[in-house]
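Shown next, in structure tokens, is the structure this report addresses.
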Amino acid sequence: MATQMTFQRRGNANPPDKGSFPLDHEGECKDFMFKYMQCLRINKHSNSECRDESKDYLQCRMDRNLMAKESWEKLGYMTDSPKDAKS
């Protein structure tokens with residue numbers, strides 16, 4: 001009887017909390033993720049040196065609905081860098 005209770009569903013599934021997002025099972029943004037990870041390794045894990053790669057990765061995820069579309073300011077990117085001016 002106890003095992004039967006273990007497998008019962010408890011209500012409906014809730015959407016993920018803000019800030020969490022689905023895994024990229026199809027590998028759509030894999031190249032962007034690898035470029036970002038490589039940048040971190042080269043720059044001794046200094047994420048400030050890899051902001052462009054990070055932004056490209058997040059843009060890929062937003063374009064493919066793997067995360068909610070947010071303004072760059074909300075994601076911590078200022079619009080004063082040359083790359084941001086192009087976006």
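Throughout, residue positions are numbered sequentially from 1 according to the sequence presented.
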_The criterion is side chain to side chain donor-acceptor pair (under 3.5 Å); which residues satisfy it with Asp63, sequence neighbours excluded?_
Gln59

*For Ser46, which residues count as a side chain to side chain donor-acceptor pair (under 3.5 Å) partner, sequence neighbours excluded?*
Ser48

*Pick out which of Arg64, Arg61, Met67 makes a side chain to side chain contact (heavy atoms under 4.5 Å, CB included) with Asp24.*
Arg61

*Regarding Tyr77 and Ser71, is there a side-chain donor-to-acceptor distance under 3.5 Å anywhere?*
no

_Counting C-beta onward and ignoring hydrogens, is there a side-chain heavy-atom pair between Leu75 and Met62 closer than 4.5 Å?_
yes

*Which heavy-atom pair separates Glu53 from Glu49 by the least distance, and what is that distance?*
OE1-O, 4.2 Å

When the side chains of residues 27-45 are checked against the rest of the protein, which donor-acceptor pairs come out under 3.5 Å, sequence neighbours left out?
| from | atom 1 | to | atom 2 | distance (Å) |
| --- | --- | --- | --- | --- |
| Asn43 | ND2 | Cys39 | O | 2.9 |

